[in-house]
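Accompanying notes for the structure given below.
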Amino acid sequence: MAAPLSTVVDVYFTDTKRTRLSVTNPCRQKGIRKCFIHCSTSNSTPEAPPTPTSDSKKKSTSLSDQLAPLANKTLSTVAGDQSYAFSKGKSTWVNPTKAKRTVLSSERQKRATYSYSPQLKDLKRFVHKLNQCGSSEDEFLPSLEEIPRPLTRENVLLILNTLKPWQKTHLFLDWIKTQNLLPMETIFYNVTMKSLRFGKQFALIEELAHQMIDTGVPLDNITYSTIISCAKKCNLYDKAVQWFERMYKTGLMPDEVTYSAILDVYARLGKVEEVISLYERGRASGWKPDPITFSVLGKMFGEAGDYDGIRYVFQEMESVGVQPNLVVYNTLLEAMGKAGKPGFARGLFEEMIESGIVPNEKTLTAVIKIYGKARWSRDALELWQRMKENDWPMDFILYNTLLNMCADVGLVEEAETLFRDMKQSAHCKPDSWSYTAMLNIYGSQGDVDKAMKLFEEMCKSGVELNVMGFTCLIQCLGRAMEFDGLVRVFYSSVERGIKPDDRLCGCLLSVVSLSQGSKDEEKVLACLQEANPKLVAFIQLIEDEKTSFETVKEEFKGIMNSAVVEVRRPFCNCLIDICRNKDLLERAHELLYLGTLYGLYPSLHNKTDEEWCLDVRSLSVGAALTALEEWMWTLTKIVKREETLPELFLAQTGTGAHKFAQGLHVSFSSHLRKLAVPFRQSEEKVGCFSATREDLISWVQSNSTAAATAT
DNA sequence: CTAGGGTTAG
């Protein structure tokens with residue numbers, strides 16, 4: 001869902017007098033060049049290399065853009081409000097102006113060397129004994145009386161380093177302070193903080209830091225990076241920033257470790273501008289970023305789905321002379337997936353293998369997930385084969401990802417084999433994720449019997465089904481029109497305390513449309529009433545023909561605003577279906593209009609000079625038919641006004657991989673016949689209907705002749 | 001082993 005692309009960045013960059021530097025040809029980069037080679041040797045469509053014209057070609061002439069001035073068309077997004085134009089502007093910004101003041105120290109903080117004394121074994125045995133006892137003050141402090149002396153600095157460090165859990169480390173630090181035997185050093189605090197970080201005790205870490213400040217023990221880079229990383233672990237990003245700023249204020253220069261830690265904080269906050277700015281200021285100070293930095297940047301751009309950002313990372317690695325390591329590859333693979341570039345991901349993966357790096361579970365999870373989402377079953381199966389042949393590492397996340405991939409590409413038997421393997425394995429027993437994946441597979445195949453059998457098996461085995469699993473099951477039963485079973489499953493989820501989320505509500509909403517006209521309509525509606533009364537109220541509102549468009553619009557906005565972004569389009573699709581089922585065609589068109597207005601159908605209309613395409617692949621049947629009608633009206637008007645038309649018209653429905661997804665093509669096709677419009681199944685493209693300009697013009701003319709004769 | 005930063009699931 002598009003938050004309006006703001007001009008924040010333009011302002012920002014104008015402000016700092018940045019100059020625009022065009023991105024170098026991605027083919028010049030080693031990694032990307034190889035990607036192209038791999039792309040072209042596969043069954044799947046490679047991404048087109050980015051061209052400067054790709055954006056202008058896609059010049060939007062959608063209904064929403066045409067109507068934009070009529071209304072405020074902004075829905076809030078749940079995601080952060082950080083909009084930036086770095087990616088959308090198809091450009092990379094650098095600051096070539098002269099070096100600014102130094103922002104990070106060129107040398108990493110040196111560690112003091114220390115070595116443990118010869119009584120190390122005794123002492124270790126003693127600490128292990130301490131680790132066995134309870135962590136309360138009453139249990140722990142008395143046992144400290146038996147501590148082997150002398151309490152040298154080295155011995156104290158050994159104890160602090162070895163004590164577990166954090167409560168004991170913390171108590172021990174306090175205890176040394178009261179013993180007053182040694183001057184308190186920074187390193188004592190740092191080691192203690194590390195232990196506290198393990199226990200996610202940020203408040204205590206902060207307390208220790210203040211104690212250091214109060215008692216004049218200096219905080220160093222290790223202290224700060226530990227504080228920052230603990231804040232991060234506790235999702236206290238503002239705290240991390242606060243301590244980082246304090247560091248500068250006290251005149252301590254961060255070294256590369258602290259610097260990359262704070263880059264990651266800004267990255268997780270989605271503050272891409274700040275990260276780029278900090279990164280470039282660091283570079284201008286002469287810093288040579290390392291793989292960890294590139295991993296941070298890569299993850300950030302991946303989260304933003306920003307392919308240009310990812311290319312920027314490649315460029316920077318090349319210009320700095322850093323070779324990606326396993327983690328960097330993993331991060332960039334994941335990022336490529338999130339940026340919707342499966343072909344580049346595949347190329348990158350092959351490059352990684354060629355370079356001699358052995359993939360780990362995370363690598364394979366990322367790549368399998370990408371192939372699944374891209375519906376590249378051949379690549380996915382080949383990779384799976386290679387995983388087995390090479391004995392590459394597997395874990396249960398990878399197993400579950402493989403199952404999800406099978407769901408994505410419709411591999412039922414393969415999934416069943418995997419699922420059996422998991423049951424027989426020692427360490428990868430199926431969990432609720434695995435069951436959910438299987439329910440998803442059976443659901444999308446419409447195999448109610450197997451889905452219900454699995455549900456019963458789960459109940460017996462004690463694996464807790466979560467809201468996602470229930471959603472899959474309900475979807476499966478709904479599509480099979482088994483409403484009684486569905487209602488039972490829904491209430492059993494309520495009994496188990498499952499809180500219906502927006503996806504479950506969307507699923508119920510679609511079942512409402514399926515149940516319309518059957519005897520179970522009311523029962524299904526009652527489930528939705530339980531899960532989301534506002535949706536039911538809205539349905540009643542739109543079903544009342546007296547309700548004004550303005551009212552519908554206001555309520556529609558309210559419903560969509562309170563729903564998470566991913567379900568807004570499905571909600572709108574279902575609502576249109578519901579209207580069409582009740583023969584409320586006008587209302588259906590109003591809803592499609594509103595959905596378009598609020599950006600729920602951003603790629604419905606694609607126009608080039610040569611062809612106009614109506615892409616209904618993400619629409620429900622009812623919404624697709626409504627969009628087709630709308631399109632034909634518009635085209636009729638354009639023909640009558642004798643405005644410029646392209647050579648070719650396309651309507652794209654796709655042909656779904658799943659049993660239930662195939663209905664769109666069929667319904668669309670029959671609606672084309674019903675409207676008697678001149679679209680024919682395209683011979684070149686499956687899931688596509690096409691018409692020429694001549695077809696269309698003569699259709700409009702014969703229609704108007706017919707209309708004239710009729711009157 | 002002996003103080004600090006980065007990567008896996010709807």
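Side chains are part of it too, since the values below use all heavy atoms of this structure and drop only hydrogens, waters and symmetry mates.
- Residue T436(A) places a side-chain atom within donor-acceptor reach of the base of dG10(B), judged by atom type and a 3.5 Å distance cut-off alone.
- Checking the phosphate oxygens (OP1, OP2) of dT2(B), no side-chain nitrogen or oxygen of K124(A) falls inside 4.0 Å.
- To the nearest angstrom, P of dG6(B) lies 7 Å from CD1 of I292(A).
- Remark: P of dT8(B) and CG of L364(A) are 15 Å apart, rounded to the nearest angstrom.
- For the OP1/OP2 pair of dG4(B) and a distance below 4.0 Å, the side-chain nitrogens and oxygens of K194(A) include at least one atom meeting the criterion.
- For the atom pair CD of Q475(A) and CZ of R479(A), the computed distance is 4.0 Å after rounding to the nearest 0.5 Å.
- Listed nucleotides: dT8(B), dG6(B), dG4(B). Nearest to the side chain of E361(A): dT8(B).
- In this model, a side-chain donor or acceptor of S260(A) finds a partner on the base of dG5(B) within 3.5 Å.
- The side chain of R268(A) places no N or O atom within less than 4.0 Å of a non-bridging phosphate oxygen (OP1 or OP2) of dG5(B).
- Residue V257(A) is in base contact, counting any heavy-atom pair closer than 4.0 Å across all strands shown.
- For D290(A) and dG5(B), a side-chain-to-base donor-acceptor distance below 3.5 Å is present, hydrogens and geometry of angles not being considered.
- Between the side chains of Y266(A) and E273(A), no donor-acceptor pair of N or O atoms lies under 3.5 Å.
- Across all strands shown, T258(A) has heavy atoms under 4.0 Å from base atoms, whether or not it also approaches the sugar-phosphate.
- The distance between the ring centers of F419(A) and Y435(A) falls below 6.0 angstrom.
- I187(A) comes within 4.0 angstrom of a nucleotide base, judged by non-hydrogen atoms across all strands.
- For dG6(B), one of the phosphate oxygens OP1 or OP2 lies less than 4.0 angstrom from a side-chain nitrogen or oxygen of K232(A).
- Here K299(A) reaches the OP1 or OP2 of dT7(B): one of its side-chain N or O atoms lies under 4.0 Å away.
- Distance CD1/I262(A) to OH/Y248(A): 9.5 Å, rounded to 0.5 Å.
- As judged by a 4.0 angstrom heavy-atom cut-off over every strand, D501(A) is placed among residues making no nucleic acid contact.
- Judged by centroid separation below 5.5 Å and plane tilt below 30°, W433(A) stacks onto the base of dG10(B).
- Evaluation of atom-type donor-acceptor distances gives no pair under 3.5 Å for the side chain of T331(A) against the base of dT7(B).
- Rounded to a whole Å, the CZ atom of R197(A) is 7 Å from the C1' atom of dG4(B).
- The base of dG5(B) has none of its N or O atoms less than 3.5 Å from a complementary donor or acceptor on the side chain of D255(A).
- Here T192(A) lies out of heavy-atom contact (under 4.0 Å) with every strand.
- At the heavy-atom level, D264(A) lies under 4.0 Å from the strands shown only through sugar-phosphate atoms.
- Taking atom CG on D408(A) and atom P on dA9(B), their separation rounds to 14 Å, with Å as the unit.
- Between the CD1 atom of I397(A) and the C1' atom of dT7(B) there is a distance of 11 Å, rounded to whole Å.
- Contact annotation for R108(A): base contact, defined as any heavy-atom pair under 4.0 Å involving a base atom.
- For dT8(B), its base never sits under 3.5 Å from the side chain of N360(A) at any donor and acceptor pair.
- Residue contacts for R503(A): at a heavy-atom cut-off of 4.0 Å it reaches the sugar-phosphate backbone alone, with no base atom in range.
- Checking side-chain atoms of S285(A) against main-chain N and O of V103(A) turns up a donor-acceptor pair under 3.5 Å.
- No side-chain donor from either of Y279(A) and E274(A) sits under 3.5 Å from a side-chain acceptor of the other.
- Per the geometry, CG belonging to L160(A) stands 15 Å off C1' belonging to dC1(B), to the nearest Å.
- Note on F396(A): a base of the nucleic acid sits closer than 4.0 angstrom, heavy atoms only.
- For N161(A) and dT2(B), the CG to C1' distance is 5 Å, given to the nearest whole Å.
- Rounded to an integer number of Å, the gap from CE of M405(A) to P of dT8(B) is 20 Å.
- OP1 and OP2 of dA3(B) both lie 4.0 Å or more from every side-chain N or O belonging to R153(A).
- The line from CG of N532(A) to CG of L509(A) is 8.5 Å long, rounded to the nearest 0.5 Å.
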